[in-house]
Number of protein chains: 2
Amino acid sequence: MEYNVYASACPTRMIFDRISDKWALLILDRLCQQPVRFNQLLREIDGISQKMLSQTLKNLERDGLIKRQAFPTVPVTVEYSITALGKTLSSTVNVLIHWAQDNGDAVLAAQVEYDGRMAS
Amino acid sequence: MEYNVYASACPTRMIFDRISDKWALLILDRLCQQPVRFNQLLREIDGISQKMLSQTLKNLERDGLIKRQAFPTVPVTVEYSITALGKTLSSTVNVLIHWAQDNGDAVLAAQVEYDGRMAS
DNA sequence: TGATCTAGTTACCTAAAGGAAACTGGGTCG
DNA sequence: CGACCCAGTTTCCTTTAGGTAACTAGATCA
């Protein structure tokens with residue numbers, strides 16, 4: 001089977017959809033550093049809602065990218081950690097995040113230039 | 001200014017939103033190979049509509065990632081090409097696409113395993 | 001004159017994404 | 001007993017993404 005991401009029927013497209021999910025990428029990057037609990041993620045990832053966090057974590061676990069582990073402490077704590085598969089992806093995602101941080105100014109400048117050019 | 005992608009107010013977040021756009025990534029990857037015309041992209045990127053293509057191209061141009069160039073041929077042809085800035089991004093995106101192609105089977109297998117585990 | 005190429009734009013509409021906030025449930029503290 | 005912790009789930013509602021399809025416009029060919 002020839003994989004071609006430009007074909008809509010290609011299974012890679014489905015994975016591509018998952019990858020192009022802002023919350024998933026942020027969570028993956030965060031878990032790459034160390035295992036994190038649910039509410040800790042909720043506090044650290046600014047702007048995410050409980051619902052989206054729960055949903056995204058479930059998807060990531062289903063994809064085999066992260067692992068959920070509940071500890072019978074009181075109150076119960078749940079730790080999310082990255083899997084070996086997830087690690088291979090997150091290293092790429094990391095580069096993407098760094099690109100955004102490094103080139104933010106350049107993109108912003110391009111936008112200003114474009115808007116000025118279009119307005120005139 | 002400290003850049004922190006986990007903060008919702010951070011400008012990198014805005015760029016991050018743009019990056020996590022399936023069509024943008026596909027177009028960027030395609031243009032990385034060589035300049036392509038509008039209708040050619042429409043034909044090659046399976047499933048994209050005229051509207052989304054036009055919209056995404058405009059965004060990418062505004063971000064300084066691609067360049068639009070019209071030629072006074074008959075009928076007029078418009079060529080989209082990648083910029084230097086876009087090239088730095090697309091090389092990362094490329095790795096992402098290859099990851100999806102290489103690890104598609106592993107993810108699919110994880111999903112099957114997860115679904116079986118949840119059903120029981 | 002009407003069809004066809006180019007590269008789009010616009011209007012309409014629907015399906016889905018996702019936010020806010022309330023609620024569950026088990027356990028502990030005061 | 002009531003308040004508060006964690007880790008979610010559910011409901012409701014609004015906004016947006018994005019698809020379809022029609023339309024613009026200039027030039028050419030038959």
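Numbers restart at 1 for each chain; the letters A, B, ... are given by sequence-line order, proteins then strands.
- With sequence neighbours excluded, no residue satisfies side chain to side chain donor-acceptor pair (under 3.5 Å) with Gln50(A).
- Screening residues 111-120 of chain A for salt bridge (charged side-chain N to carboxylate O under 4.0 Å, His left out) gives Glu113(A)-Arg117(A), Asp115(A)-Arg62(B) as the qualifying pairs, with residues at least two apart or on separate chains.
- Here chain A contacts DNA chain C (any atom closer than 4.0 Å to a heavy atom, that is under 4.0 Å), and the contacts span dG18(C) to dT28(C) from 5' to 3'.
- Checked against side chain to side chain donor-acceptor pair (under 3.5 Å), Ser8(B) has the following partners two or more places apart in sequence or in another chain: Asp46(A).
- Through side-chain heavy atoms spaced under 4.5 Å, either directly or across other Ile, Leu, Val, Met, Phe, Trp or Tyr residues, Val74(B) is tied to no other residue.
- Checked against side chain to side chain donor-acceptor pair (under 3.5 Å), Ser54(B) has no partners two or more places apart in sequence or in another chain.
- Non-hydrogen atoms lying under 4.0 Å from DNA chain C are contributed by Arg37(B), Phe38(B), Asn39(B), all within residues 27-48 of chain B.
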Expected list for residues 93-110 of chain A: side-chain donor-acceptor pairs under 3.5 angstrom, two or more places apart:
unit_1	atom_1	unit_2	atom_2	d
Asn94(A)	OD1	His98(A)	NE2	3.2
Asn94(A)	ND2	Asp29(A)	OD1	2.9
His98(A)	ND1	Gln101(A)	OE1	3.4
Trp99(A)	NE1	Asn103(A)	OD1	3.2
Trp99(A)	NE1	Thr88(B)	OG1	2.8
Asp105(A)	OD1	Tyr3(B)	OH	2.7

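- Applying the side chain to side chain donor-acceptor pair (under 3.5 Å) test to pairs two or more places apart or on separate chains, those with a residue in residues 76-86 of chain A are Thr73(A)-Thr77(A).
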Can you give each donor-acceptor pair under 3.5 Å made by side-chain atoms of residues 37-45 of chain A, sequence neighbours left out, with the distance rounded to 0.1 Å?
unit_1	atom_1	unit_2	atom_2	d
Glu44(A)	OE1	Arg30(A)	NE	2.3
Glu44(A)	OE1	Arg30(A)	NH2	3.0
Glu44(A)	OE2	Arg30(A)	NH2	3.3

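- Contact check of residues 61-70 of chain A against DNA chain D (heavy atom, cut-off under 4.0 Å) returns Arg68(A).
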Below 3.5 Å is the cut-off: list the nitrogen or oxygen pairs between protein and nucleotides 26-30 of chain D, distance only.
none

